[in-house]
Structure formats: structure tokens, C-alpha cells
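Only one structure is covered here, and it is reproduced in the block below.
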Amino acid sequence: MNNIIVTVARGFGTGGKEIASKVAKQMGVSCYENRILTLASQMSGLDESLFNEVNEKIRDKGGFAAFLKGLPRATHYIAHNEKFVSDETLFEYQRKIIEELADTQSCVIVGKCADWILRGRDNVISIYVEAPRDFCLKRTMANMGVTEEVAAATIAHTDKFRADYYKYYTKGNYWTNPINYDMTLNSEKIGIENCVRIICDYVDLKKKDLSIE
């Protein structure tokens, strides 16, 4: 074992995605989110043998991660009124992709139940980022250029979607349960940059414990 993976779950508008991206930059590794969905969507129509064939070809051409990094981000985003609908095949391919990444490189993975999929691995650090609603509202209004009403609806529905998604694919576990994570951070009280610093410091401690250079 010579790699370390950071998974980041986050409430909508908390800055969790920004934190994950900055942590990845500090670590000098890739940050994965929507490209996992892109590849899983492309592969979800394939049977097991075809998936393995594609996987081997990807390895031959310079690595699974290099291939994934070159993909466009998924064009699908959760609409503020979208309800969760299960897709077992799509999730299974996302799981395979996440496990492949964790087996082969150090990286940061945002969402996708990555903390649950990779649970039990000593070299995985799982982070949950949350913040008070007012903070999330202001960030969402600024980032999306929407009214407070639209921002509030987007936060409520997206977080419900994520909670339902997590509960379904983890067989009843709760997305916000602190027991699922190594660390839960309040991005308003701590600040975005300090969240990044705290996570990176913990990564360094974990590396020492695992004798990872």
C-alpha cells in the first residue's frame, strides 16, 4: 500500500467541492466527481466481460486514471425538483470505478458513496463538510446567481436527493451520520482554507502512520 484516498461528502452550498479540489491540489493528486458519473454512464450498458475488456485496454494505454481524467464532466446535474430514482447498474459501475481508483492511486473522490464503498481500508480518509443554512444560502445565491427562494429549494431538494441516494445504496445508513467519517467540518465556523489545511494535516499524519512517502 503506497497511496492514500480522501473521500468528501458535503451538504449543498457548504463549499465541500471547493475544499475537495483544493485538498487535491495541495496533495498533488486528481479530484474526481462528475467524470466518475460520465464513465459509469458510458459503461452501464456493457456486460461484465465487456467492462473487463475496456478496463484492460485503458490500463494498456497509460492507466485507468489517465483515461478518466481525459473525459468531459458529466452534463447531468441534480435539478432542484428532481427525485431520487435508483439505478443499480449505474451505481455498480461507479463502485467499480471508485475501487479501481483506490487500488491504483492517491486521489480525492467527491460524493458517490465513496466513503461507504471504500470503508474498512486503512488508507482511506473520509470527510463530511456541513454548514448552517444561511451560509449555504448565501454561497448558493452567489455561485448560481439565483434568488434566495430558488437557492433554498435547490439546497433542500439536492440534500434530500443525496440523503435518499446514500440511504438506498448503503442499505439504510444515514448520509449525515458522523460515525461514517473520520472528520466532520463546519465550513462556516472553520473557513474554507482552514478546512483544507486541517484535512491536509490529517493526510500527513495518516501517511506517517501507514509509512507512506
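Numbering of residues begins at 1 and proceeds along the displayed sequence.
Every residue meeting the side chain to side chain contact (heavy atoms under 4.5 Å, CB included) condition with A151, not counting sequence neighbours, appears here in chain and number order: L137, T140, M141, V146. Considering only residues two or more places apart in sequence or on other chains, K189 meets the salt bridge (charged side-chain N to carboxylate O under 4.0 Å, His left out) condition with none of them. Residues satisfying the salt bridge (charged side-chain N to carboxylate O under 4.0 Å, His left out) criterion with R95, sequence neighbours excluded, are E92, E99. Under the salt bridge (charged side-chain N to carboxylate O under 4.0 Å, His left out) criterion, D209 pairs with no residue, sequence neighbours left out. Under the salt bridge (charged side-chain N to carboxylate O under 4.0 Å, His left out) criterion, E188 pairs with no residue, sequence neighbours left out. With sequence neighbours excluded, the residues satisfying side chain to side chain contact (heavy atoms under 4.5 Å, CB included) with S106 are N3, I4, V29. With sequence neighbours excluded, the residues forming a side chain to side chain contact (heavy atoms under 4.5 Å, CB included) with A102 are I5, L118, R121, listed by chain and number. Applying the side chain to side chain donor-acceptor pair (under 3.5 Å) rule to R133 yields no partners; only residues at least two apart in sequence or on another chain are considered. Qualifying side chain to side chain contact (heavy atoms under 4.5 Å, CB included) partners for E149, counting only residues two or more places apart in sequence or in other chains: T147.
For the residue pair V110 and A20, the shortest heavy atom distance occurs at CG2-CB, 3.5 Å. Heavy-atom minimum distance, Q105 versus S30: OE1-CB, 4.4 Å. Here the shortest heavy-atom pairing between D87 and L90 reads OD1-N, 3.0 Å. Counting all heavy atoms, side chain and backbone alike, I192 lies closest to G15 at CD1-CA, 4.0 Å. Between G111 and R10 the shortest heavy-atom distance is CA-NH1, 4.0 Å. Nearest approach of D115 to S126, heavy atoms of both residues: CB-OG, 3.3 Å.
Crowding of K160 atom NZ: a count of heavy atoms from other residues, nucleotides or ligands under 6.0 Å not exceeding 12.
One N or O on the side chain of T104 and one on the backbone of E100 form a donor-acceptor pair closer than 3.5 Å. Judged by distance alone, the side chain of R139 and the main-chain N or O of G13 form a donor-acceptor pair under 3.5 Å.
The list of ring-ring contact (aromatic ring centres under 6.0 Å, His included) pairs with a residue in residues 192-213, not counting sequence neighbours, is empty. For residues 165-178, no pair satisfies salt bridge (Lys or Arg N to Asp or Glu O under 4.0 Å), with sequence neighbours left out.
Using a 3.5 Å distance cut-off with no hydrogens or angles, the side chains of T14 and S187 do not pair a donor with an acceptor.
Residue I199 forms a side-chain contact (heavy atoms from CB on, under 4.5 Å) with just one option from V108, I127, D182, and that option is I127.
Hydrophobic side-chain contacts under 4.5 Å tie Y181 into a cluster, directly or through other members, with W116, Y128, Y166, W175.
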Between V196 and Q26, does a side-chain contact (heavy atoms from CB on, under 4.5 Å) hold up when you go through it step by step?
CA-CA 8 Å; V196 173; Q26 288 284 335; 4.1 Å; yes

Quick one, I97 with K112, criterion side-chain contact (heavy atoms from CB on, under 4.5 Å). Give me CA distance, side-chain angles, the key distance, then yes/no.
CA-CA 11 Å; I97 292 164; K112 310 291 184 293; over 6 Å; no

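By the criterion of side-chain heavy atoms lying less than 4.5 angstrom apart, applied directly or through intervening Ile, Leu, Val, Met, Phe, Trp or Tyr residues, Y169 is grouped together with Y93 in one hydrophobic cluster.
Note that the CG atom of L185 and the CD1 atom of I19 stand 7.0 Å from one another [nearest 0.5 Å]. A distance of 10.5 Å separates NZ of K17 from CG of N143, quoted to the nearest 0.5 Å.
In summary, R197 and D201 do not engage in a salt bridge, as defined by a charged side-chain N under 4.0 Å from a carboxylate O. Ion pairing between a basic and an acidic side chain is recognised when a charged N comes within 4.0 Å of a carboxylate O; E193 and K22 show such pairing.
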